[in-house]
Amino acid sequence: MPIALLGVAIGILSTIIVDTATKQRRKAVSDRDWSKLNLVLQQVQENYVDTVNVSDVTEAAIAAALASLDPHSVYIPPKDLEETETDLIGNFDGIGIQFNVPNDTAIVLEVIAGGPSEAAGLLPGDRILQVDDEIIAGVKCPQDSIVKKIKGPAGSHVAIKISRDKEIVDFDIVRAKIPLHSVDAAFMLNDTTGYIRLVKFSATTYTEVAKEALDLVGAGMKRLIMDLRDNTGGYFNQALLLSNLFLKKGDVIVYLEGLHRKREEYKADGRGLLQDVSLEVLLNEGSASSSEIFAGAIQDNHRGLIIGRRSFGKGLVQEPLYFTDGSAVRISVARYYTPSGRCIQRPYKDGEDYNADIYQRYVSGEVFGTDTIKTNGGIIPDIFVPIDTTRMTDFYIKCNRKAIPVKYASYIFDKYKKRLSVIDSYGALEDFFEAINIPASFLSFAARQGVYAGKGEWARTEYYMMPLLHSVIGRYSKLGQNANYKLYLPLDNTLQVALTAE
């Protein structure tokens, strides 16, 4: 009995000792600094039962801490930082091609002029079979993995094996700096209206847009439709420079403000080259950040019309901090406000499901009508254009689900390569489409892929499918991405609204 009592007494004593130590530590920890986190990490390192990978635990702690703040304050590990920033810098190290993977084989769509692939002799339509010693064709190699295998430091060599006209050709290509363009297409829609498709705000955006716009002015442009749909943003200074192209001296572009950042206002200097060009800006729920800064500046200064659907609502300013191990953090330090004082950032606390917001816009009907549009973030368009669902026949859906239009375009290029690859005018392209009888050819091709048009279904689908087929085939011509966009635009209801807007 005494032994049992002694055991209980020791147990109680041990508990009291641990609790006393804990209380002592509590006195040393302040809620106003980060010592508690440091203490926890130190205790894990000194006392944890197993060996600890300090780097992994530290990175997990940093990521978790930032995740509790807002959706855009993030930690970027070393392996991701270079890839994250390359897309915005305006160039990367590689061989200078654009390719697609429609049938488990990478097909070259474009060889960038002046790049190492052009110098080596690669051509649109070439099928990439092997990179160095690794076969990538027919083995379900993901497209992003192929990109990583082909990219590499400038000056390094990469061996590429391709298939061309049933022949196997080997290339030894020296990688170099390749420009990344933020303008995906630029052309005249009619005698006086130009169109520019801007896909991101990179380090070269202002230069690219200014050059393309001045070329269009030379072609007679008096009105510009700037397409920023699905443009997720990028460099802040490029949004300022782009806005400055259109605004008058003294017009406010944007201002930012935060708890530790005094209000900072940015204004146009009045030297913009496009102040006399009429402007419409196309937005949708994928337009974010710098796209919203630009659109807000144009809207609040009554400089042009915003057409489409409410933008994403990303209006937090991130400030980067780089570490010597190659990692970085981006911390939100302020919010962006349009000239009239509207905060661009949509809610991310108080029960708002930030990541599911875009999905909720579909569920609530916001993308189909104006009755449920929220006004707590993003840029609200001057003219709303709903999503067009009229084209959704079963045949159309099945074809797109299996990427049959893209596969068909590759098939047509293989069959008519010599003729299609030299076409450099839309008139010649239309003649080509007419000559090959696309409707019959496509229906036969789709059937071979296991997709059939039901009774009367092609009659309901043809009006929507044909421009899509023209656009994906047209990019194999010398007109490239301009054809890809221009030939599809007649079915683009947002663009059609913009063309008739006043």
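From a predicted model like this one, the values you see are computed outputs, not experimental measurements.
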Inset, instruction - Could you check if a side-chain atom of R361 sits within less than 4.5 angstrom of a side-chain atom of R310, using non-hydrogen atoms only? - result: yes
Inset, instruction - State whether the side chain of Q299 and the backbone N or O of I380 hold a donor-acceptor pair below 3.5 Å, judged by distance alone. - result: yes
Inset, instruction - Might you confirm whether atom CZ of F323 has over 12 heavy atoms from other residues, nucleotides or ligands at distances under 6.0 Å? - result: yes
Per-pair distances, 0.1 Å, donor-acceptor, side chain in residues 250-258, under 3.5 Å, sequence neighbours excluded:
{"unit_1": "D251", "atom_1": "OD2", "unit_2": "K248", "atom_2": "N", "d": "2.9"}

Inset, instruction - Assess whether side-chain contact (heavy atoms from CB on, under 4.5 Å) is satisfied between L468 and Y396, documenting all intermediate values. - result: CA-CA 11 Å; L468 173 60; Y396 186 94; 4.2 Å; yes
Inset, instruction - Scan for ring-ring contact (aromatic ring centres under 6.0 Å, His included) pairs involving residues 259-283, sequence neighbours excluded, and state none if there are none. - result: F236-Y266
Inset, instruction - Check whether any side-chain heavy atom of P78 lies under 4.5 Å from a side-chain heavy atom of E59, and answer yes or no. - result: yes
Inset, instruction - Could you note down all residue pairs passing side chain to side chain donor-acceptor pair (under 3.5 Å) where residues 427-438 supplies at least one of them, sequence neighbours left out? - result: none
Inset, instruction - Starting at CZ of R330, measure out to OH of Y75 and round the result to the nearest 0.5 Å. - result: 13.0 Å
Legend entry - Between CG on residue L283 and CD1 on residue I298, distance to nearest 0.5 Å: 11.0 Å
Legend entry - Heavy-atom side-chain proximity of L487 to Y426 below 4.5 angstrom: yes
Inset, instruction - Could you tell me which residues satisfy salt bridge (charged side-chain N to carboxylate O under 4.0 Å, His left out) with K486, sequence neighbours excluded, listed by chain and number? - result: none
Inset, instruction - For residues L491 and P467, report the shortest heavy-atom separation together with the two atoms involved. - result: CD1-CG, 3.4 Å
Inset, instruction - Look at the side chain of N484 and the backbone N and O of R475, then say whether any donor-acceptor pair between them is shorter than 3.5 Å. - result: no
Legend entry - T192 side chain reached by R223 side chain, heavy atoms, under 4.5 Å: no
Inset, instruction - Please indicate whether Y206 has more than 12 foreign heavy atoms, meaning atoms of other residues, nucleotides or ligands, lying under 6.0 Å from its OH. - result: no
Inset, instruction - Would you check if R175 and P116 make a side-chain contact, meaning some heavy-atom pair closer than 4.5 Å? - result: no
Inset, instruction - Name all residues meeting the side-chain hydrogen bond (donor to acceptor under 3.5 Å, both in side chains) criterion together with H72; count only those two or more places apart in sequence or in a different chain, and write none if there are none. - result: Y354
Inset, instruction - Quick one: list whatever passes salt bridge (charged side-chain N to carboxylate O under 4.0 Å, His left out) with R271, sequence neighbours left out. - result: D269
Inset, instruction - Using atom types as modelled and distance alone, determine if a side-chain donor or acceptor of S289 lies under 3.5 Å from a backbone N or O of K314. - result: no
Inset, instruction - Could you pull out all residues at least two apart from K267 that satisfy salt bridge (charged side-chain N to carboxylate O under 4.0 Å, His left out)? - result: E265
Inset, instruction - Using side-chain contact (heavy atoms from CB on, under 4.5 Å) as the criterion, list what pairs up with S441, not counting sequence neighbours. - result: Y408, Y411, I412
Legend entry - From OG1 (T193) to CE (M188), nearest 0.5 Å: 6.5 Å
Legend entry - Nearest-0.5 Å distance, NZ of residue K211 to CG of residue L216: 9.5 Å
Legend entry - Pairs touching residues 292-315 that satisfy ring-ring contact (aromatic ring centres under 6.0 Å, His included), sequence neighbours left out: F246-F294
Legend entry - Distance-only side-chain donor-acceptor flag, Q360 / D357, under 3.5 Å: no
Inset, instruction - Could you check if a side-chain atom of I97 sits within less than 4.5 angstrom of a side-chain atom of I128, using non-hydrogen atoms only? - result: yes
Inset, instruction - Could you list all the salt bridge (Lys or Arg N to Asp or Glu O under 4.0 Å) pairs where at least one residue sits in residues 377-388, not counting sequence neighbours? - result: D388-R391
Legend entry - Side chain proximity check, E319 to R261, heavy atoms < 4.5 angstrom: yes
Inset, instruction - For E292, check salt bridge (charged side-chain N to carboxylate O under 4.0 Å, His left out) against everything at least two apart and list the hits. - result: none
Legend entry - Side chain proximity check, F187 to L489, heavy atoms < 4.5 angstrom: yes
Inset, instruction - Find the distance between CD1 (I438) and CD1 (I473) and round it off to the nearest 0.5 Å. - result: 4.0 Å
Which donor-acceptor pairs under 3.5 Å do side chains of residues 333-340 form with protein atoms, sequence neighbours excluded?
{"unit_1": "R335", "atom_1": "NH2", "unit_2": "Y348", "atom_2": "OH", "d": "3.0"}
{"unit_1": "T338", "atom_1": "OG1", "unit_2": "D300", "atom_2": "OD2", "d": "2.7"}
{"unit_1": "T338", "atom_1": "OG1", "unit_2": "S340", "atom_2": "OG", "d": "3.4"}
{"unit_1": "T338", "atom_1": "OG1", "unit_2": "R342", "atom_2": "N", "d": "3.3"}
{"unit_1": "T338", "atom_1": "OG1", "unit_2": "R342", "atom_2": "NE", "d": "3.4"}
{"unit_1": "S340", "atom_1": "OG", "unit_2": "D300", "atom_2": "OD2", "d": "2.7"}

Inset, instruction - Check for a donor-acceptor pair, side chain of S287 on one end and backbone N or O of S311 on the other, with a separation under 3.5 Å. - result: no
Inset, instruction - May I ask you to decide whether K398 forms a salt bridge with E457, counting only side-chain N to carboxylate O separations under 4.0 Å? - result: no
